[in-house]
Amino acid sequence: MLIEPKILKGFRDFLPEKQIKRKNIINILENTFTSFGFQTIDTPTLEYKEVLLGKGGGETDKQVYTFKDNGKREVAMRFDLTVPFARFMAAHINELILPFKRYHIDKVWRGENTQRGRYREFIQCDFDIVGVDNASADFEILQLMHSSFKAIGVENIKFKVNHRGIFNNFLTKIEASDKAVEIMRTVDKIGKIGKDKVLEILTDLTNSDSAGEILDYIEPEAGFLQTLDKITVMSGGKSEASDRLYEVYEYLKVIGIEDLFTLDPSITRGLDYYTGIVYETFLKDLPELGSVCSGGRYNNLASIYTKKNIPGVGSSIGLDRLMAGLEELGLIEKKVPGSDVIVLNIEGSSVSHNHFIASVIRDSGLSCEVYLADKKIGNQFGFADKKGISFAILCGSDEIDADKVTLKNINTRENFNKINLGEAIDIIRKSREQ
RNA sequence: GUGGAUAUAGUUCAAUCGGUAGAGCACCAGAUUGUGGUUCUGGAUGUUGCGGGUUCAAGUCCCGUUAUCCACCCCA
């Protein structure tokens, strides 16, 4: 009786081609993060349920995988990397050098319904700065977001920024702060359900005057500064929150990337732990995919674990959603390169000698494999071609006797008959450098 | 979790009113035993997602189930 090789809803297998591309993007991101001085950490995938959910009751709780382990402990699989990081900070703050900048790229799990770019197991790439609450850190996260997307070759993007503090000041001013969560959720939907519907819901939540004012508040103006001027005035004038956003914008301008950032007062983020700046990232050619990188400032996140004040700001790239988008837009190169060279198994060749050649080539710093099956030469070339290998080495009895090899460029079909192995290595290396 | 659509060969898709399961690409073998991609010839594709039901007869109709996609919700 065979067992069907099925996998769970929202969970996926990755064939080499796709997994290699995923790893490539991760490598690029890691290089970008480390170039800013960020360091990687790791935390357990499984934690105590109470540690991950806190007091609980939120919308995310329903999506968390929880169960009892064999020791009857209530455990939960991490649904993001930020909450475990908060616990990590509370536990290790004395062992870390502040301000601490970390990145963390790993799988997280959410048991929600699946859709395109939306899975139950997916990779998040988090990067955060903790230990400081200033514009310098807020800015650096935004800059790193920009650098990351640039590094992986995604230029056509839009970052939407907002500030929760200014929004809260505004809500306090119009005496609606008790409904803050519902109001934020509602205005967040304006792109989908439209102004009229939002106004209707807001009127139900508050009253028609306040609803009109909220709608006015979230309407973006011509530019970042104009919008910021407006919401500053509407929130009761200059405040720490508005000053922060002016300062961050100044820094963006100095770097010359301010045009990619728009101030959109309707962006609020569903997660309720954000206290300051918040942001979302959209592919301009595929906005309906949703945000591919979001985050914000959370100054009280660790407060459920420690009395110490640990302010933080961070962002998270949804790697799998991003890849789903890039694939749809054809922005991921089709073919992944294979080994630099393959030693073919031809008539008169010696298996041991082929492996010997391969190990010499590997010692020279190139990647090399030996064709392992017993197939016709045509199949072997086909194999090499399909795997994206551009050079083949053939070494039959003639070559063995003369202590030479024959090299063939699989793409150009150029032949180098009976040359020294060292020459072959030079040719391959030269071609690889181009 | 709720509602809707979909599920056929490795893959992309056909199959009329319910009447023998089909094509392209890919794959395998040969023409080609030390040089492949073209071409030609031949071949296998399969429990029609899975499980029931109706019928003389089900890929097709009905019920259930699982997965995918879409919307809600939420989010990356």
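Here is the naming used below: chain letters follow the sequence lines, and residue numbers restart at 1 for every chain. Computed from a prediction, not measured in an experiment: that's the story for all the values here.
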Inset, instruction - Take atom C1' in B:A23 and the same atom in B:C75, then report the distance between them in whole Å. - result: 42 Å
Inset, instruction - Identify the two heavy atoms, one from A:Glu221 and one from A:Thr227, that lie closest to each other, and give their separation to 0.1 Å. - result: N-OG1, 3.0 Å
Legend entry - Whole-Å distance separating the CZ atom of A:Arg321 from the P atom of B:C75: 11 Å
Inset, instruction - Decide yes or no, distance alone: a donor-acceptor N/O pair under 3.5 angstrom between the base of B:G34 and the side-chain of A:Gln380. - result: no
Inset, instruction - Verify, without hydrogens or angle tests, whether A:Ser359 (side chain) and A:Phe356 (backbone) share a donor-acceptor contact under 3.5 angstrom. - result: yes
Inset, instruction - Output yes when A:Lys404 and A:Asp398 qualify as a salt bridge under the 4.0 Å nitrogen-oxygen rule, no when they do not. - result: no
Inset, instruction - Select base, sugar-phosphate, or nothing to describe what A:Lys418 touches, counting heavy atoms under 4.0 Å on all strands. - result: nothing
Inset, instruction - Tell me what A:Ile410 touches on the nucleic acid: a base, only sugar-phosphate, or nothing, going by heavy atoms under 4.0 Å. - result: base
Legend entry - Whole-Å P distance, B:G53 and B:U16: 25 Å
Inset, instruction - Check the distance between B:G34's C1' and A:Asn354's CG and give it to me in whole angstrom. - result: 13 Å
Inset, instruction - For A:Ile267 and B:C75, give me the distance from atom CD1 to atom C1', rounded to whole Å. - result: 12 Å
Legend entry - P-based separation of B:C63 from B:G3 [nearest Å]: 14 Å
Give each protein N/O atom lying under 3.5 Å from an N/O atom of nucleotides 30-33 of chain B, with the pair distance.
residue: B:U33; atom: O3'; partner: A:Glu347; partner atom: OE1; Å: 3.1

Legend entry - Any donor-acceptor pair under 3.5 Å from A:Asp264 side chain to A:Pro220 backbone: no
Legend entry - A:Asn415 side chain, from C-beta outward: closest of B:U35, B:G34, B:C27: B:U35
Legend entry - Nearest-Å distance for atom pair CG/C1', residues A:Asn409 and B:G36: 13 Å
Legend entry - Consecutive Watson-Crick or G-U pairs in runs of at least 3, all under 3.5 Å, in which RNA chain B is involved: B:1-7 with B:66-72, B:10-13 with B:22-25, B:27-31 with B:39-43, B:49-53 with B:61-65
Inset, instruction - Quickly work out the A:Lys18 NZ to B:U11 P distance and round it to whole Å. - result: 14 Å
Legend entry - Among A:Thr43, A:Leu52, A:Ile304, A:Leu53, side-chain contact (heavy atoms from CB on, under 4.5 Å) partner for A:Val83: A:Leu52
Inset, instruction - With C1' as the reference atom in both, quote the distance from B:U45 to B:A31 in angstrom, rounded to an integer. - result: 23 Å
Inset, instruction - Mind calculating the distance between CD (A:Glu182) and C1' (B:C73) to the nearest angstrom? - result: 15 Å
Legend entry - Inter-nucleotide C1' distance (B:A44, B:C25), Å rounded: 16 Å
Legend entry - A:Leu81 CG to B:C75 P, straight-line distance once rounded to whole Å: 16 Å
Inset, instruction - Answer with base, sugar-phosphate or nothing: what part of the nucleic acid does A:Glu121 contact at a heavy-atom distance below 4.0 Å? - result: nothing
Legend entry - Nearest-Å distance once atom P is located in both B:A29 and B:G18: 44 Å
Legend entry - NZ/NE/NH1/NH2 to OD/OE distance under 4.0 Å, A:Glu182 and A:Arg185: no
Inset, instruction - Find the distance A:Phe381:CZ to B:U38:P and express it as a whole number of Å. - result: 15 Å
Inset, instruction - Give the B/S/- string for nucleotides 66-71 of chain B, one per nucleotide from 5' to 3', where a protein heavy atom under 4.0 Å of the base yields B, of only the sugar-phosphate yields S, and otherwise -. - result: -SSSSB
Legend entry - Contacts of A:Arg78 that satisfy salt bridge (charged side-chain N to carboxylate O under 4.0 Å, His left out) - sequence neighbours left out: A:Asp106
Inset, instruction - Kindly assign one of parallel, tilted or perpendicular to the pair A:Phe127 and A:Phe33, based on the angle between their ring planes and the thresholds 30° and 60°. - result: tilted
Inset, instruction - Using the C1' atom as the reference point in each nucleotide, state the distance between B:A71 and B:A26 in Å, no decimals. - result: 36 Å
Inset, instruction - Scan A:Ser397 against the nucleic acid and name what it touches under 4.0 Å (heavy atoms): base, sugar-phosphate only, or nothing. - result: base
Inset, instruction - Report yes if the distance between the aromatic ring centroids of A:Tyr217 and A:Phe167 is under 6.0 Å, otherwise no. - result: yes
Inset, instruction - Measure from the side-chain N and O atoms of A:Asn162 to the backbone N and O of A:Val278, and report whether any donor-acceptor pair falls under 3.5 Å. - result: no
Inset, instruction - Start with the C-alpha distance between A:Arg244 and A:Asp133, add both sets of side-chain angles, then the distance that settles salt bridge (charged side-chain N to carboxylate O under 4.0 Å, His left out), and finish with yes or no. - result: CA-CA 10 Å; A:Arg244 171 68 61 86; A:Asp133 177 10; 2.9 Å; yes
Inset, instruction - Among the candidates B:U35, B:C27, B:C74, find the nucleotide nearest to the side-chain atoms of A:Arg185. - result: B:C74
Inset, instruction - Decide yes or no for A:Lys197 and A:Lys189: does some side-chain heavy atom of the first lie under 4.5 Å from some side-chain heavy atom of the second? - result: no
Inset, instruction - Please work out if A:Gly396 contacts a base, only the sugar-phosphate, or nothing of the nucleic acid, heavy-atom cut-off 4.0 Å. - result: base
Legend entry - Any residue meeting side-chain contact (heavy atoms from CB on, under 4.5 Å) with A:Ile428, in chain and number order, not counting sequence neighbours: A:Asp340, A:Val341, A:Leu366, A:Phe391, A:Leu407
Inset, instruction - Measure from the side chain of A:Thr406, starting at C-beta and using heavy atoms only, and say which of B:C27, B:U35, B:A29 lies closest. - result: B:U35
Inset, instruction - Establish, with yes or no, whether the OP1 or OP2 oxygen of B:A29 is under 4.0 angstrom from a side-chain nitrogen or oxygen of A:Asn379. - result: yes
Legend entry - Qualifying residues under side-chain contact (heavy atoms from CB on, under 4.5 Å), relative to A:Ser177, sequence neighbours excluded: A:Leu171, A:Thr172
Inset, instruction - For A:Cys293 and for A:Thr412, locate the closest nucleotide of RNA chain B by heavy-atom distance; then report the residue assigned to the nucleotide nearer the 5' terminus. - result: A:Thr412
Legend entry - Spacing of the P atoms in B:U8 and B:U48 (rounded, Å): 12 Å
